[in-house]
Amino acid sequence: MEILITGGAGYIGSVMTEYLVSQGHDVDVLDNLSRGYRDAVAVNANFIEGDISDTLNIFDEGKKFDGIIHLAAHSRVEESVQNPALYWKNNVIGTQRLLEFARIREIPRFVFASTAAVYGVSAASPITEDTPPSPANTYGMTKLTMDMAIESYAKAYGITGTSLRFFNVSGTFRGRSERHLPETHLIPVATARIQRNEAVTIFGSDYPTRDGTCVRDYIHVVDLARAAELALGRSTDGSYKVFNLGNGNGYSNLEVVKTIGDLLGVAPQIEFADRRSGDAPELVASSLRITEELGWTPSIPALIDIVKSSLEA
Ligand code: UDP
């Protein structure tokens, strides 16, 4: 397939690009490098530096794509609460312009990186795709808004839309691992702190969970890439589908930090801080729907193996 991957210089995007190229697809990567790295892009992909809002100018009418995988987005929960303008502009207005590109150029498939953050605080556990969304932060709101936009584009214009709701992603694939600046995600932050013999800060110890710290469901980044390929393979019937992607097991922040410490052979020092704004207490996925409908199952389901893989960074 001829695939356009937006955000293909970021962590998840660079893994998806590498994976899909290795599966024989032709991939164009569009990334404005605001948060990505040129050197993370697979050598066999065609790289274009540019913005998602500008695709109609970037690609001429002769350029055909079988599908778009849209990953380019801002994705820091706390930043989204502090600077919502940035998130509505990039994640919503930018994505709508990309949808327009898909509509005008008649690109039949649109796969979107949605998020567990759309479910928010009121969620049941495990969360199914029928759990009513209730985002606890601007990041989740912007992603939910675009899920709805894609659904309406699917219905009206026949674009086959798929929203993949990623839970917490980690792990390394062919040298590509979490590489955010600043790094805010628990596994890489805690790993770096433990390696430097510094205390790991855990945000919030009074959540209604088994040990008072937030609970998350971790998925290996290569399993997301496999899911994206399956989503591209859906029949182009103009339908819209949502799929959760997690392992169905929740781990508290304390358990995650202890797992990292065990693998590094160090008892981690821990300090508790106030809750981080926008955090939902517990986000654990039921991924039954994608298993039943697309045959996806995680290849690396255990947290310990995901953390081991992330330590290869
Ligand atoms: N977290 C933490 N200390 C850190 C980084 C993250 O306690 O140094 C917590 C964060 O508050 C949340 C969980 O780890 O409860 C997962 O956060 P992360 O940013 O990794 O992913 P998110 O769930 O926000 O997508």
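Just so you know, ligand 1 is whichever comes first in the structure, and atom 1 is the first atom listed for that ligand. Note: hydrogens, waters and symmetry copies are ignored here, and every other heavy atom, side chains too, is used.
No hydrogens or angles considered: a donor-acceptor pair under 3.5 Å links the side chains of N244 and Y119. S163 and Y240 form a side-chain donor-acceptor contact under 3.5 Å, judged by distance and modelled atom types alone. Judged purely by distance below 3.5 Å, without hydrogens or angles, the side chains of T160 and R234 never pair a donor atom with an acceptor atom. A donor-acceptor pair shorter than 3.5 Å cannot be found between the side chains of D130 and T128.
For ligand 1, the atoms lying closer than 4.0 Å to a non-hydrogen atom of C214 are 15 (O). Below 4.0 Å from some heavy atom of V77 lie the following atoms of ligand 1, by number and element: 24 (O). Of all atoms in ligand 1, listed by their number and element, those nearer than 4.0 Å to a heavy atom of N253 are 7 (O), 9 (C), 12 (C), 13 (C), 14 (O), 15 (O).
When the heavy-atom distances from atom 17 (O) of ligand 1 to E282, R276, R216 are ranked, the shortest goes to R276. Atom 5 (C) of ligand 1 has its nearest heavy-atom neighbour, among T184, T115, V189, in T184.
The parts of L186 lying near ligand 1 are both backbone and side chain, judged by heavy-atom distances below 4.0 Å. Only backbone heavy atoms of T201 (N, CA, C or O) come within less than 4.0 Å of ligand 1; its side chain stays farther off. Contact annotation: for H185 versus ligand 1, heavy atoms closer than 4.0 Å belong to both the backbone and the side chain.
Protein heavy atom closest to atom 22 (P) of ligand 1, with residue, atom name and distance, is N168 ND2, 3.5 Å. Closest protein heavy atom to atom 11 (O) of ligand 1: D279 OD2, 2.5 Å. Atom 7 (O) of ligand 1 has as its closest protein heavy atom F203 N, 2.9 Å.
Between G120 and L283 the shortest heavy-atom distance is O-CD2, 4.1 Å.
Here the side chains of N91 and T138 are not in contact, with every heavy-atom distance at 4.5 Å or above.
With N247 contributing its side chain and Y218 its backbone, the two residues share a donor-acceptor pair below 3.5 Å.
For the pair R275 and D206, the salt-bridge criterion is met [side-chain N within less than 4.0 Å of a carboxylate O].
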